[in-house]
There are 2 protein chains.
Amino acid sequence: MSESRALQLETALRDAGVRITRQRKLLLSVLADCADHPDATELHRRAEAAGAGVSLATVYRTLTTLQAQGVIEKLEFQGEPARWEPADQHHHDHMIDVETGQVIEFTNDRIERLQAEIAAEMGYEIVHHRLELYVRRKPTA
Amino acid sequence: MSESRALQLETALRDAGVRITRQRKLLLSVLADCADHPDATELHRRAEAAGAGVSLATVYRTLTTLQAQGVIEKLEFQGEPARWEPADQHHHDHMIDVETGQVIEFTNDRIERLQAEIAAEMGYEIVHHRLELYVRRKPTA
DNA sequence: ATACCTGCAAAAAATTTGCACCGAC
DNA sequence: GTCGGTGCAAATTTTTTGCAGGTAT
């Protein structure tokens with residue numbers, strides 16, 4: 001399943017003129033298995049753990065390439081190194097639990113619409129946006 | 001005016017146990033004059049331009065101190081160095097014109113409320129948030 | 001007088017890049 | 001075979017820190 005997802009991407013990338021090297025294959029498979037939002041160093045660690053070698057420089061270059069192809073997305077939370085996630089079909093925002101560091105994804109159409117309205121009112125259109133809620137679990141009274 | 005604002009802050013800071021040094025006075029006055037959102041290097045440049053000297057290390061340390069005192073706020077836009085703004089009485093979000101880099105401040109109560117609702121629905125309370133709209137001027141058809 | 005602050009220069013942390021070699025197509 | 005990709009190590013960029021001396025209170 002995540003196996004086939006990675007293969008699917010390889011075809012699409014090749015069609016887009018991106019060469020499928022051993023390192024890229026490896027990173028695609030590591031990314032396909034991500035349930036979380038790892039940074040470059042962590043992805044490098046996982047890739048190495050998966051057996052084959054990749055240099056950290058190549059990890060960075062590959063992430064940039066895959067982002068340009070729309071395959072992954074870059075997340076830049078407060079002051080941490082950049083994290084990455086497979087590009088999803090549906091846009092979503094992020095909630096970060098400040099205690100645990102856990103990242104929760106969510107969507108809300110009303111917020112999306114309001115953002116577009118606000119921009120439009122001021123004569124702009126949205127290219128992209130970033131909404132992050134830094135939260136704490138509510139005390140269960 | 002911005003003169004008195006800086007003096008006002010000096011008193012408050014002193015009361016909070018923060019020593020008012022020549023360098024901090026200088027930075028407070030530079031910050032009070034900011035209509036924009038400069039980064040540490042830019043603040044350093046302006047401070048030097050204002051006559052007296054400050055080391056960049058001190059600029060960084062002072063910014064951290066002032067942030068801890070709630071006097072200024074740190075902005076971290078996409079991949080750029082951190083920028084700073086005087087802490088305002090009223091919270092606001094930011095719109096960044098991707099063509100010009102211009103930063104526009106805005107507020108929207110409905111968005112604020114929706115955010116709180118979303119967090120609450122999932123059992124969280126918001127500690128703080130970040131909403132950035134990266135926008136482009138709409139073609140005036 | 002005593003902390004706390006500052007400058008300098010070195011260290012860190014994250015990411016990028018030059019260059020020679022290698023491998024996908 | 002060609003052109004783009006990779007590894008390595010060095011460079012960049014932004015920010016932090018150790019230490020010796022300075023200064024606000």
Side-chain angles (χ1 to χ4, degrees), chain A residues 6-7 9-30 37-48 50-69 71-84, chain B residues 6-7 9-30 37-48 50-69 71-84:
Chain A
L7 289 174
L9 286 175
E10 282 180 29
T11 307
L13 287 168
R14 199 169 351 234
D15 290 352
V18 176
R19 290 191 185 174
I20 303 305
T21 62
R22 198 201 78 242
Q23 293 85 338
R24 287 179 177 174
K25 239 194 249 271
L26 174 56
L27 284 169
L28 282 170
S29 112
V30 169
H37 307 77
D39 62 24
T41 308
E42 174 61 19
L43 287 166
H44 182 233
R45 188 175 306 121
R46 294 186 195 178
E48 302 269 57
V54 208
S55 73
L56 184 53
T58 294
V59 171
Y60 275 106
R61 283 189 277 229
T62 302
L63 290 172
T64 304
T65 301
L66 295 180
Q67 181 187 28
Q69 295 297 323
V71 169
I72 57 175
E73 269 168 41
K74 189 180 193 177
L75 307 177
E76 292 170 278
F77 299 144
Q78 327 212 81
E80 324 179 340
R83 302 179 181 214
W84 301 84
Chain B
L7 290 175
L9 286 175
E10 283 180 27
T11 307
L13 287 168
R14 198 167 353 234
D15 290 353
V18 176
R19 290 191 184 172
I20 303 306
T21 62
R22 196 200 81 241
Q23 292 86 336
R24 287 178 176 174
K25 240 195 249 271
L26 174 56
L27 284 168
L28 282 170
S29 113
V30 169
H37 308 79
D39 64 23
T41 308
E42 174 61 19
L43 286 167
H44 183 234
R45 188 174 308 120
R46 293 186 195 179
E48 303 269 56
V54 209
S55 73
L56 184 54
T58 294
V59 171
Y60 274 106
R61 283 190 277 230
T62 301
L63 291 171
T64 304
T65 300
L66 295 180
Q67 181 187 27
Q69 295 298 323
V71 168
I72 57 175
E73 270 169 40
K74 189 180 194 176
L75 307 178
E76 293 170 277
F77 299 145
Q78 332 209 80
E80 327 179 336
R83 302 179 180 213
W84 302 85

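For the numbers below, each heavy atom of this structure counts, side chains included, while hydrogens, waters and symmetry mates do not. Chain letters run A, B, ... following the sequence lines, proteins first, then strands; residues in each count from 1.
Taking atom CZ of residue R14(A) and atom C1' of nucleotide dA24(C), one finds them 9 Å apart after rounding to whole Å. We find that CG of L66(A) is positioned 11 Å from P of dG5(D), with the value rounded to whole Å. Between E42(B) atom CD and dT15(D) atom P there is a gap of 14 Å when expressed in whole angstrom units. Summarising the geometry, the separation between CG on L56(B) and C1' on dA10(C) is reported as 14 Å, rounded to the nearest angstrom. Between the CD1 atom of I20(A) and the C1' atom of dG4(D) there is a distance of 13 Å, rounded to whole Å. Rounded to whole Å, the distance from CZ on R45(A) to C1' on dA14(C) is 14 Å. Here dT15(D) presents its C1' atom at 16 Å from CD of E80(B), a figure rounded to the nearest Å. The NE2-C1' distance, from H44(A) to dA13(C), rounds to 16 Å in whole Å.
In this structure, of dT6(C), dT15(D), dT15(C), it is dT15(D) that holds the atom nearest to the side chain of A40(B). Closest to the A57(A) side chain, of the nucleotides dA9(D), dT6(D), dT16(D), is dA9(D).
The shortest distance between the side-chain N/O atoms of T58(A) and the OP1/OP2 oxygens of dG7(D) is below 4.0 Å. Dashed line: the shortest gap from a side-chain N or O of R24(A) to OP1 or OP2 of dG5(D) is under 4.0 Å. OP1 or OP2 of dG7(C) lies within a sub-4.0 Å distance of a side-chain N or O belonging to Q23(B). Contact annotation: Y60(B) reaches the phosphate of dT15(D) (side-chain N/O to OP1 or OP2, under 4.0 Å). Contact check, R19(A) against dC3(D): no side-chain N or O comes under 4.0 Å of OP1 or OP2. The side chain of T21(A) contributes an N or O atom lying less than 4.0 Å from OP1 or OP2 of dT6(D).
Side-chain contact between Q67(A) and W84(A) is present, with heavy atoms from C-beta onward closer than 4.5 Å. Between D39(A) and E80(A), every side-chain heavy-atom pair lies at or beyond the 4.5 Å cut-off. Considering only heavy atoms from C-beta on, L66(A) comes within 4.5 Å of L13(A) through its side chain.
Ranked by how close their nearest DNA chain D nucleotide is to the 5' end, R22(B) and G79(B) are led by G79(B).
Looking at E42(B) and R45(B), a side-chain N of the basic residue comes within less than 4.0 Å of a carboxylate O on the acidic one, giving a salt bridge.
Contact between A47(B) and V54(B) at its shortest, heavy atoms only, is CB-CG2, 3.8 Å.
Side-chain atoms of R61(B) come within donor-acceptor range of the base of dG7(C), with a qualifying N/O pair under 3.5 Å.
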